[in-house]
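Shown next, in structure tokens, is the structure this report addresses.
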Amino acid sequence: MAQERFFLTTAISYPNGKPHLGHAYELIASDAIARFMRLDGKDVFFLTGTDEHGLKMVQTAEREGLPVRALADRNAQAFRDMGKALGASNDDFIRTTEERHYEASQAIWKKMEAAGDIYLSTHSGWYSVRDEAYFDESELTTGEGGQKFAPSGAPVEWSEVDSYFFRLSKYQDKLLDLYKAQPNFIGPDTRRNEVVSFVSSGLKDLSISRDTFTWGVPVPGNPKHVMYVWVDALTNYITACGYPDEGDPRWKYWPASVHIIGKDIVRFHAIIWPAMLMSAGLPIPQRVFGHGFLTNRGEKMSKSLGNVLDPVVMAEQYGVDQIRYFFLREVPFGQDGSYSHEAIVARINADLANDLGNLAQRSLSMVNKNCEAKVPAKGPLSPEDEAILASAYGLIAESRVAMGDFQIHAMLNAIWRVVADTNRYFAGQAPWALKKTDPARMETVLWTTAEVLRVVGILIQPVMPESGAKLLDLLAVPADTRAFAAADAAHQLVPGTSLPEPKGLFPRYIEPEAGQGA
RNA sequence: GGCAGUGUAGCUCAGCUGGUUAGAGCGCGGCACUCAUAAUGCUGAGGUCGGUGGUUCAAGUCCACUCACUGCUACCA
């Protein structure tokens with residue numbers, strides 16, 4: 001039987017600066033989904049990368065006195081390094097300046113052109129040099145002498161430039177059909193509603209080339225023009241699958257299972273991208289999911305506010321798994337979220353150190369001292385034992401449901417509900433008391449607790465790969481039984497197996513000095 | 001302006017097709033325990049479920065109106 005494939009992507013990042021927390025968040029979340037699917041037995045292809053063309057890159061390079069390509073190389077590397085620092089498990093890292101991407105972009109362009117969907121015309125509108133943007137008449141204000149101004153206050157002038165256009169308008173009905181046929185194509189629902197309403201209100205053709213700069217993919221047959229962001233950036237997803245070579249070993253991954261993107265670019269992925277694919281006669285992605293933005297104590301991150309945190313520094317300060325856990329547990333995926341030093345520390349100490357870390361420590365240290373450092377004997381199970389085991393074994397199904405909608409936080413909530421129940425169970429059974437009255441029963445309680453920990457260890461791996469592995473090490477779980485398929489009663493811990501000395505799983509976070517807020 | 005959504009304990013939020021004393025986590029008070037990373041367990045404090053008016057035997061849960069807030073309303077990636 002063929003292994004189910006799962007292809008997921010992040011958006012490609014624009015590397016005119018260093019990666020920030022927003023990039024990190026998207027990568028962490030996508031990585032957790034990728035790892036989840038791998039552990040669940042799927043053939044996963046996980047892609048991330050950088051979108052390196054366009055005027056902003058040129059301008060940034062000029063400002064820094066670098067050739068554009070050098071800037072792109074340097075910053076692309078910074079994004080790669082961030083991925084490493086965060087434990088990202090992407091299978092490829094695509095850069096739009098790569099040869100393979102030029103090939104793919106020009107190929108899809110030609111397909112769209114052959115379909116009669118590309119034509120040369122004039123792009124006209126009110127342009128603000130300062131904002132580098134066009135504005136609709138309705139957004140403008142008129143000053144003295146008839147001068148018109150953008151919302152930013154910058155003057156605008158009427159501009160007419162040659163540009164190639166994509167017949168997006170032609171796809172309006174087809175897109176609406178798509179949204180109807182695939183109700184979960186766009187998630188979460190609020191984003192879907194917005195897109196549907198946008199498309200319903202009418203689509204205009206799209207300007208897809210520029211002849212005002214050259215840092216881009218040349219338009220086939222007219223090298224005066226380079227492709228504008230839409231065609232260039234979105235195409236990366238099929239470039240990585242080997243397009244236009246449909247014999248490429250990676251082509252089997254297309255169409256993508258999901259594009260994980262920021263809520264601000266949902267429209268491009270849910271409207272322009274499928275329309276392009278329809279035009280080129282290619283399959284449409286299964287889903288597009290827009291995550292929310294992070295704020296620092298409810299305030300937008302900005303350089304001027306000085307509340308921009310470097311994700312790599314955060315990983316060093318709090319721990320990689322710790323911040324992965326924090327963002328994925330604290331923020332319901334799809335909604336905006338807020339973070340603060342206090343909130344991070346609270347999660348680390350309450351959930352990781354106290355609830356899970358201490359549960360492992362209190363039970364495994366008893367095993368170590370009272371069971372000859374071996375998996376305890378499993379005697380007859382009491383109803384309490386059965387109940388806690390059943391809820392642990394039930395987690396995998398719950399997690400699949402949650403992750404089916406990318407509700408990573410819901411999966412973590414479920415896991416921690418079991419962790420809390422297990423602490424209750426442990427306190428209720430009081431194995432330290434049984435030690436004197438009924439040692440056999442004590443062993444069964446300890447076995448049950450360890451078995452729950454095994455399941456938990458397996459399930460936290462997508463979010464906290466290192467810590468999950470550490471926990472499974474403490475339980476001497478073989479490497480080949482750490483996937484989700486083993487999170488059931490058939491693979492339970494074997495009494496008598498030697499265990500290593502228990503070590504702390506999650507240290508408490510202690511403030512280095514008082515008064516240090518982040 | 002139009003469209004969509006949100007408003008439930010100090011904070012963050014659950015509450016499916018309306019039905020016993022409205023829930024969880026965190027925070028806060030008290031108690032217990034000692035296996036454990038000063039961890040854990042138990043327990044308490046009570047929020048007019050934004051407001052008003054309806055429908056109903058019964059509404060946080062449906063309807064109308066109203067207030068506040070948020071998102072979208074295309075070429076910045």
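Lettering of chains follows the sequences in order, A, B, ..., and the numbering in each one begins at 1.
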Contact class for A:Asp51 vs. all strands (heavy atom < 4.0 Å): base, sugar-phosphate, or nothing? sugar-phosphate
B:G46 and B:U21, which share atom name C1', separated by this distance in whole Å: 12 Å
Who is the Watson-Crick or G-U wobble partner of B:A24, with both distances under 3.5 Å? B:U12
Nearest-Å distance once atom P is located in both B:A59 and B:U20: 11 Å
To the nearest angstrom, the NE2-P distance between A:His269 and B:C75 comes to 18 Å
When both distances are under 3.5 Å in a Watson-Crick or G-U wobble arrangement, the nucleotide paired with B:C65 is B:G51
Excluding sequence neighbours, so at least two apart, what forms side-chain contact (heavy atoms from CB on, under 4.5 Å) with A:Ala29? A:Leu328, A:Phe333, A:Ile408
Rounded to whole Å, how long is the line connecting atom CG of A:Leu294 with atom P of B:U12? 16 Å
Do the two ring centres, one from A:Tyr228 and one from A:His53, sit under 6.0 Å apart? no
Rounded distance (Å) that lies between atom P of B:G41 and atom OH of A:Tyr425: 15 Å
A:Phe268 and A:Trp230: aromatic ring centres closer than 6.0 Å? yes
Would you indicate what A:Trp416 reaches in the nucleic acid, counting non-hydrogen atoms under 4.0 angstrom: base, sugar-phosphate, or nothing? nothing
A:Glu330 CD - B:C13 C1' separation (whole Å): 11 Å
For atom C1', what is the distance between B:U12 and B:G27, given to the nearest Å? 11 Å
Inter-nucleotide C1' distance (B:G23, B:C16), Å rounded: 15 Å
Apply side-chain hydrogen bond (donor to acceptor under 3.5 Å, both in side chains) to residues A:His101 and A:Ser105 and explain how you reach the verdict. CA-CA 6 Å; A:His101 183 64; A:Ser105 303; 3.2 Å; yes
My understanding is that only residues two or more places apart in sequence, or in another chain, count here; which of them pass side-chain contact (heavy atoms from CB on, under 4.5 Å) with A:Gln407? A:Phe289, A:Ala402, A:Asp405, A:His409, A:Ala410
Can you sort out the partners of A:Asn236 under side chain to side chain donor-acceptor pair (under 3.5 Å), two or more places apart, ordered by chain and number? none
Partner of B:C42 by Watson-Crick or G-U wobble geometry, both contacts under 3.5 Å, or none? B:G30
Rounded to whole Å, how long is the line connecting atom CG of A:Leu234 with atom P of B:C75? 16 Å
Whole-Å distance separating the CG atom of A:Asn413 from the C1' atom of B:G15: 15 Å
If you look at every strand shown and take non-hydrogen atoms under 4.0 Å, does A:Asp205 touch a base, only sugar-phosphate, or nothing? base
Distance in angstrom units between A:Met227 CE and B:C75 P, rounded: 22 Å
Residue matched to B:U37 through Watson-Crick or wobble contacts both under 3.5 angstrom: none
Enumerate the residue pairs fulfilling side chain to side chain donor-acceptor pair (under 3.5 Å) with a member in residues 359-368 of chain A, sequence neighbours excluded, ordered by first and then second residue. A:Arg362-A:Asn423
Mate of B:C57 across any strand shown (Watson-Crick or G-U wobble, both atom pairs under 3.5 Å) is B:G19
Taking only residues two or more places apart in sequence, or in another chain, which ones meet A:Glu398 in a side chain to side chain donor-acceptor pair (under 3.5 Å)? A:Arg417
Tell me every residue that passes side chain to side chain donor-acceptor pair (under 3.5 Å) with A:Arg329, counting only those two or more places apart in sequence or in another chain. A:Tyr325, A:Asp351, A:Asn413
Under a 3.5 Å cut-off for both contacts, is B:C72 paired Watson-Crick or G-U wobble with anything, and if yes, with which nucleotide? B:G2
Pick the C1' atom in B:G5 and in B:G50, then give their distance to the nearest Å. 15 Å
RNA chain B contacts among residues 184-203 of chain A, heavy-atom distance under 4.0 Å: A:Arg191, A:Asn193, A:Glu194, A:Phe198, A:Gly202, A:Leu203
Treat primed atoms plus P, OP1 and OP2 as sugar-phosphate and everything else as base, then score nucleotides 25-39 of chain B 5' to 3': B for base contact with protein heavy atoms under 4.0 Å, S for sugar-phosphate contact only, - for none. --------SSBBB-S
From CD1 of A:Ile272 over to C1' of B:A77, roughly how many Å is that when rounded to an integer? 12 Å
Does either side chain, that of A:His23 or that of A:Tyr14, offer a donor lying less than 3.5 Å from an acceptor on the other one? no
I'd like to check the side chain to side chain donor-acceptor pair (under 3.5 Å) partners of A:Arg80; sequence neighbours left out, ordered by chain and number. none
Whole-angstrom distance between B:U48 and B:U8, as gauged at atom C1': 12 Å
Mind checking the P distance from B:C76 to B:C13? Whole angstroms is fine. 33 Å
Please tell me which of A:Phe165 and A:Gln335 maps to the more 5' nucleotide of RNA chain B, matching each residue to the nucleotide holding its nearest heavy atom. A:Gln335
Using the P atoms only, state how far B:A14 lies from B:A39, rounded to an integer number of Å. 29 Å
